[in-house]
Asks: 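Here you go, one structure.
Counting starts at 1 for both ligands and their atoms, in listed order. All values below come from the heavy atoms of this structure, side chains included, with hydrogens, waters and symmetry mates left out. All values reported here derive from a predicted model rather than from experimental measurement.
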Amino acid sequence: MTIAESTSLPAEVYAQLAGRIAGVVTTPADAGWDAARQAWNLSADQHPDAVVAPRNADDVRQAILFAAEHELRVVAQGTGHMAAPLGDLAGSLLIRTTALAGIDVDTEALTVRVGSGVIWADVTAALAEHGLMGLAGSAPDVGVAGYLLGGGLSWFARSLGLAASHVTEIEAVTGDGRILRATAETEGELFYALRGGGGNYAVVTAITMRVFAVRDAYAGMLLFPLERAAEVLTAWEQWSRDADESATTSLRLLRVPPMPELPEFLRGQRFVAIDGAIAVDQPAGSESDAERSAAAEATLSPLRDLGPIIDTFGLMPVGRLGEVHMDPPGPVPGAGDGANLAELPREAIELLVQLAGPDVESPLLAVEIRQLGGAVSVPAPGGGAVDSLHGRFLIYAVGIAPTPEAAAMVESAASAVLDATRPWQSGIDYINFRESSAAPEQLYPAATLARLRAAKAQYDPADRIRSAHPIQ
Ligand SMILES: Cc1cc2nc3c(=O)[nH]c(=O)nc-3n(C[C@H](O)[C@H](O)[C@H](O)COP(=O)(O)OP(=O)(O)OC[C@H]3O[C@@H](n4cnc5c(N)ncnc54)[C@H](O)[C@@H]3O)c2cc1C
């Protein structure tokens, strides 16, 4: 056992914790240690002091009290999609929330209560059985908790706003060990902070959110050769200026890796990919699918008229929206980072094409631009710390990073992309797309940050809990 793989506490101390909880404690001495400490992002090499997998809120409380007794930090992780900014977790107790399961759909109230260890794929499937939809992001295996703690940008963001603005109740154990229910009426500052302010104040055990009676959407992907990057980016940017709010799209300069499991038409190819979803009227009477799709087709037509080589847009059950963006189906080693853009003028487009277009070799899998505007750019009434996103676009640059050398190359290429767009960045970034450490002032306006810091002092005065984007 190397020094990095030993706990700071004797094994019998962790045995005492294990005796106090229904869940499981794993230390470096246990078989299964490597699986227990592994994050979804395989590039993250996490070495916490021990990993606790709680079964209920009281287990979480015991773990937090134990951490306080032994001067450890507490880090909660559902999947570890956002593991990169957390570092090696030395001196931390990692609370792996996977066993905090449960999905309870209330078809009358149109809400769903989910355990904080649940991933979106399972919620989406459970809701689809009732003809309902939650505001999932592009990747089905992202955790519901981490996503909502940051804000939650779904394919319906421009018509329905951020997913966090539809959260109605959060159950959590605070950094000072209190088991609380936070709503607009009760523990309002905790409720505010946990909707966009990250998991800095408490370990969330369950979340209740509104869901929507939506069965299908007009969704898919348009692929163009990467050689058309400048033309398609310019046209998409112009289209996005007054595109109907029913549409939420993404554009990527995409280099598909030569992975054998991918279909041949994608494998090793380079594209400009535009994908997303357009909300449609739900089946009510005798309207045909063609009639229901007509408005969405009209919205998409300026992009279709560009003549993609592949066009998969069509009516699709919302249970399949997780396929649209072709995010990796399971853990991968990756590195990336993002920022919010106020504008995407011609000069910025030219720089992006220089850095990731057809005439360069790039280690980046994708330079992605997500479309904002519409409801996601308007503060949601009664919303939390992040009730809207700044700017007209998000930019995110990402690459596969199986080795430290590859990670360094990807990070350098991603930094070059973000540096190039700096003149047009909005100054306040979205934490779910920031995968590097960022000063809190870069994530929240001053008034929001002051309120978050007050919540931190109120609920986690000893700074026990560390999340990917600390606010202290
Ligand atoms: C392929 C891919 C696609 C994505 N697509 C989108 C998208 O479409 N829209 C979007 O908004 N985002 C998207 N994201 C970003 C994603 O929402 C963030 O990475 C999010 O933080 C992941 O949450 P998680 O729970 O899966 O990850 P984790 O790494 O487990 O957690 C993320 C953060 O939340 C904290 N946390 C997790 N669980 C708890 C808890 N129970 N209590 C307290 N704190 C907790 C962690 O400490 C960490 O700081 C995407 C990311 C990837 C990798």
Asks: Do Phe212 and Phe156 have their ring centres less than 6.0 Å from each other?
Replies: no

Asks: Please write down residue, atom name and distance for the protein heavy atom closest to atom 28 (P) of ligand 1.
Replies: Gly80 N, 3.4 Å

Asks: Please tell me if the side chains of Asp275 and Trp155 come closer than 4.5 Å, counting only heavy atoms from C-beta onward.
Replies: yes

Asks: For ligand 1, which atoms sit closer than 4.0 Å to a heavy atom of Thr97?
Replies: 41 (N)

Asks: Any nitrogen or oxygen of Arg370 lying under 3.5 Å from a nitrogen or oxygen in ligand 1? Just yes or no.
Replies: yes

Asks: Is a salt bridge present between Glu171 and Arg61, judged by a nitrogen-to-oxygen distance below 4.0 Å?
Replies: no

Asks: Pick, from Ala145, Ser467, Ala202, the option with the minimum heavy-atom distance to atom 43 (C) of ligand 1.
Replies: Ala202

Asks: Does Arg20 pair with Asp59 as a salt bridge, N-O distance under 4.0 Å?
Replies: no

Asks: Sequence neighbours left out, what passes salt bridge (charged side-chain N to carboxylate O under 4.0 Å, His left out) with Arg255? Give chain and number order.
Replies: none

Asks: When you compare ligand 1 with Val75, is there at least one nitrogen or oxygen pair between them that comes in under 3.5 angstrom?
Replies: no

Asks: Below 3.5 Å, N or O to N or O, backbone or side chain included: is there any such pair between Ser138 and ligand 1?
Replies: yes

Asks: Are any of the side-chain nitrogens in Glu237 or Arg392 under 4.0 Å away from the carboxylate oxygens of its partner?
Replies: yes

Asks: Quick test of your reading of the structure: of Thr248, Asn432, Asp327, whose heavy atom lies closest to atom 15 (C) of ligand 1?
Replies: Asn432

Asks: Is it the case that Arg451 places NZ or CZ above or below the six-membered ring of Tyr192, under 6.0 angstrom from the centre and within 45 degrees of the axis?
Replies: yes

Asks: State if His469 counts as touching ligand 1 under the rule of any non-hydrogen atom under 4.0 Å.
Replies: no

Asks: With atoms numbered from 1 as shown, which atoms in ligand 1 lie under 4.0 angstrom from a non-hydrogen atom of Gly152?
Replies: 11 (O)

Asks: So is Phe433 in contact with ligand 1, going by heavy-atom distances below 4.0 Å?
Replies: yes

Asks: List ligand 1 atoms under 4.0 Å from Ala139, heavy atoms only on the residue side.
Replies: 1 (C), 2 (C), 3 (C)

Asks: Answer yes or no: does atom CZ of Arg267 have more than 12 heavy-atom neighbours from other residues, nucleotides or ligands under 6.0 Å?
Replies: yes

Asks: Just jot down the ligand 1 atoms closer than 4.0 angstrom to any heavy atom of Gly78, in number order.
Replies: 30 (O), 37 (C), 38 (N)

Asks: Please confirm whether Trp236 and Phe224 have ring centers closer than 6.0 angstrom.
Replies: no

Asks: Using heavy-atom distances, let me know which of Gly146, Gly338, Pro85 sits nearest atom 31 (O) of ligand 1.
Replies: Gly146

Asks: I'd like to know if Arg464 pairs up with Asp460 as an ion pair, taking the criterion as any Lys NZ or Arg NE/NH1/NH2 lying under 4.0 Å from an Asp or Glu carboxylate oxygen.
Replies: no

Asks: Tell me which protein heavy atom sits closest to atom 29 (O) of ligand 1, plus the residue, atom name and distance to 0.1 Å.
Replies: Met82 N, 2.9 Å

Asks: Between Ala76, Pro54, Gly199, flag the one that comes closest to atom 46 (C) of ligand 1 by a heavy atom.
Replies: Ala76

Asks: Which part of Leu149 is near ligand 1, with near meaning a heavy atom under 4.0 Å away: side chain, backbone, both or neither?
Replies: side chain

